[in-house]
> 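After the structure tokens below, expect a handful of questions from me.
Quick note on labels: first sequence line is chain A, next is B, and so on, each numbered from 1.
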2 protein chains.
Amino acid sequence: MAKKSELLPGTLDMLILKTLTRAPLHGYGIAQSIKRLSDDVLTVEEGSLYPALQRLLLQGWVKAEWKKTETNRRARYYTLTPAGRKQLGEELSQFEVMIAAIGRVLQDA
Amino acid sequence: MAKKSELLPGTLDMLILKTLTRAPLHGYGIAQSIKRLSDDVLTVEEGSLYPALQRLLLQGWVKAEWKKTETNRRARYYTLTPAGRKQLGEELSQFEVMIAAIGRVLQDA
DNA sequence: GCCAATATATAGATTGACTATGGATAGATT
DNA sequence: AATCTATCCATAGTCAATCTATATATTGGC
């Protein structure tokens with residue numbers, strides 16, 4: 001049996017970066033935001049999220065800062081960098097090109 | 001450096017199955033068809049294609065038959081099975097749900 | 001004779017997302 | 001006080017899918 005993924009592989013980084021264009025957020029909040037905006041269709045598991053955030057940090061696309069949440073918890077807030085914004089733009093247009101291409105293949109006749 | 005995929009991962013089986021709804025085809029022809037219909041955006045590498053076809057055979061979603069091509073070469077023609085047609089339907093609707101969800105996340109504000 | 005295009009296939013590497021686990025704290029409930 | 005739920009971070013190990021690279025073989029054109 002094929003394991004049903006909670007995400008379309010290859011789209012996670014883009015979703016995270018996009019989420020951070022709205023406001024800096026901690027990891028848990030990013031996952032919540034994606035889940036909520038997608039009406040529970042997209043669920044980002046912790047084992048996908050945190051490695052992804054490490055990747056993004058390493059690439060310099062986000063930066064992180066420890067802060068207190070409104071509820072007084074310690075959390076790591078991620079902010080989009082200019083390089084991250086540029087990267088997001090590229091991923092978005094690449095994604096649109098791909099989706100359009102897939103659409104053409106899926107068209108009838 | 002991130003390797004740029006020629007496909008949106010997770011969509012290959014769907015693309016192959018869809019291609020076979022038009023007519024039975026050999027592997028090389030499937031790749032050609034996807035490439036052409038997508039205006040060269042989607043390129044299915046051999047190392048992706050043939051393993052994918054093996055998976056589909058194993059799942060019973062396609063069946064294969066050795067034949068001669070129009071140009072007199074020996075080639076393996078793949079045909080969609082009823083189970084494959086059903087599978088394609090499920091993958092298509094799942095895909096649409098995902099794309100719609102991603103679209104919501106990518107919307108501004 | 002040689003080369004490009006057609007045709008199949010596997011081995012091995014890489015990537016990305018998953019499961020499973022470990023930790024810690026706040027706030028509410030019992 | 002103890003326990004539970006939700007919030008929060010992170011890593012190790014696994015698995016599946018795609019990629020690169022390679023091997024083989026045939027047809028047709030130059």
Side-chain angles (χ1 to χ4, degrees), chain A residues 1-17 24-36 41-59 61-62 64-78 91 95 98 102, chain B residues 1-17 24-36 41-59 61-62 64-78 91 95 98 102:
Chain A
M1 274 280 36
K3 180 171 39 186
K4 187 173 66 175
S5 176
E6 302 289 345
L7 289 171
L8 198 50
T11 61
L12 178 56
D13 291 5
M14 180 177 71
L15 293 173
I16 293 174
L17 293 175
L25 260 181
H26 48 79
Y28 190 82
I30 294 170
Q32 297 280 89
S33 174
I34 291 175
K35 190 178 177 65
R36 193 177 54 81
V41 174
L42 306 174
T43 302
V44 183
E45 309 290 341
E46 296 170 325
S48 311
L49 176 65
Y50 292 105
L53 287 170
Q54 300 300 322
R55 284 199 300 272
L56 298 179
L57 273 173
L58 217 86
Q59 303 284 146
W61 294 334
V62 301
E65 195 185 357
W66 287 96
K67 277 192 183 175
K68 290 280 180 180
T69 66
E70 298 165 1
T71 53
N72 212 35
R73 286 156 177 284
R74 109 190 203 298
R76 213 171 174 194
Y77 279 82
Y78 294 87
E91 290 195 22
F95 179 72
M98 284 256 178
I102 291 173
Chain B
M1 274 283 41
K3 179 171 38 184
K4 186 174 66 173
S5 176
E6 302 290 345
L7 288 172
L8 198 49
T11 62
L12 178 55
D13 290 6
M14 180 176 70
L15 293 173
I16 293 174
L17 293 175
L25 259 180
H26 47 81
Y28 190 83
I30 293 170
Q32 297 280 88
S33 174
I34 291 174
K35 191 179 178 66
R36 192 178 53 80
V41 173
L42 306 174
T43 302
V44 183
E45 308 291 341
E46 298 169 327
S48 311
L49 176 67
Y50 292 105
L53 288 171
Q54 299 301 322
R55 284 198 301 273
L56 297 180
L57 272 174
L58 218 85
Q59 302 285 146
W61 295 334
V62 301
E65 195 184 357
W66 287 97
K67 278 191 182 175
K68 290 279 179 184
T69 67
E70 296 166 3
T71 53
N72 211 34
R73 286 154 176 287
R74 114 189 198 298
R76 213 172 174 193
Y77 278 82
Y78 294 87
E91 291 195 22
F95 179 72
M98 284 256 178
I102 291 172

> Report yes if the side chains of Thr69(B) and His26(B) come closer than 4.5 Å at any heavy-atom pair, otherwise no.
yes
> Can you check the Leu53(A) CG to dT11(D) C1' distance for me, whole Å?
14 Å
> How about Leu57(B) and Arg76(B): do any of their side-chain heavy atoms sit closer than 4.5 Å?
yes
> If dT19(C) has a Watson-Crick or G-U wobble mate with both distances under 3.5 Å, name it; if not, just say none.
dA12(D)
> Can you tell me how far P of dA7(C) sits from OH of Tyr50(B), to the nearest Å?
9 Å
> Hey, does Gly27(A) reach any base, or is it just sugar-phosphate, or nothing, if we go heavy atoms under 4.0 Å?
sugar-phosphate
> Please tell me if the side chains of Ile16(B) and Val44(B) come closer than 4.5 Å, counting only heavy atoms from C-beta onward.
no
> Please tell me which of the listed nucleotides, dA17(C), dA10(D), dA5(C), lies nearest to the side chain of Leu12(A)?
dA17(C)
> DNA chain C: Glu70(B) or Leu7(A), which has the more 5' nearest nucleotide?
Glu70(B)
> For the residue pair Tyr78(B) and Leu25(B), establish whether any side-chain heavy-atom pair is separated by less than 4.5 Å.
no
> For Arg73(A), answer base if it contacts any base atom (sugar-phosphate contacts may also be present), sugar-phosphate if it contacts only those atoms, and nothing otherwise; contact means non-hydrogen atoms under 4.0 Å.
base
> Does any non-hydrogen side-chain atom of Glu45(A) lie less than 4.5 Å from one of Glu6(A)?
yes
> Once you round it to whole Å, what is the distance between P of dA7(C) and CG of Leu49(B)?
13 Å
> Check the distance between dC8(D)'s C1' and Asn72(A)'s CG and give it to me in whole angstrom.
13 Å
> For a quick test of reading the model: is some side-chain N or O of Thr69(A) closer than 4.0 Å to OP1 or OP2 of dT7(D)?
no
> Rounded off to whole Å, could you give me the NZ-to-C1' distance for the Lys67(B) and dT8(C) pair?
18 Å
> Side chain of Arg55(B), heavy atoms from C-beta onward: which of dC18(C), dC9(D), dA17(D) has the nearest atom to it?
dA17(D)
> Got Leu42(B) and Met98(A) here, is their nearest side-chain heavy-atom distance under 4.5 Å?
yes
> Taking the nucleotide of DNA chain D with the nearest heavy atom to each, does Lys68(B) or Ser48(B) sit closer to the 5' end?
Ser48(B)
> Rounded to whole Å, how long is the line connecting atom CZ of Arg76(B) with atom P of dT24(D)?
20 Å
> Of the nucleotides dT7(D), dA9(C), dT19(C), which has the atom closest to the Gln32(A) side chain?
dT7(D)
> With the side chain of Gln54(B) defined as its heavy atoms from C-beta on, choose the nearest nucleotide among dT10(C), dC19(D), dC8(D).
dT10(C)
> From the set dC19(D), dT8(C), dT19(C), return the single nucleotide nearest to any side-chain atom of Tyr28(B).
dT8(C)
> Roughly, in whole Å, what's the span from NE2 in His26(B) to P in dT6(C)?
10 Å
> Please pick, from dA17(C), dT18(D), dC9(D), the nucleotide with the shortest atom-to-atom distance to any side-chain atom of Pro9(B).
dT18(D)
> Side chain of Tyr78(A), heavy atoms from C-beta onward: which of dC9(D), dT8(C), dA10(D) has the nearest atom to it?
dA10(D)
> Describe the nucleic acid contact of Gly10(B) in one word from base, sugar-phosphate, nothing, applying a heavy-atom distance below 4.0 Å.
sugar-phosphate
> Taking OP1 and OP2 of dG27(C), is either one under 4.0 Å from a side-chain nitrogen or oxygen of Thr71(A)?
no
> If you take atom types as modelled and just measure distance, does the side chain of Glu46(A) reach the base of dC9(D) with a donor-acceptor pair under 3.5 Å?
yes
> Could you state the CZ-P distance from Arg36(A) to dA6(D), rounded to the nearest angstrom?
18 Å
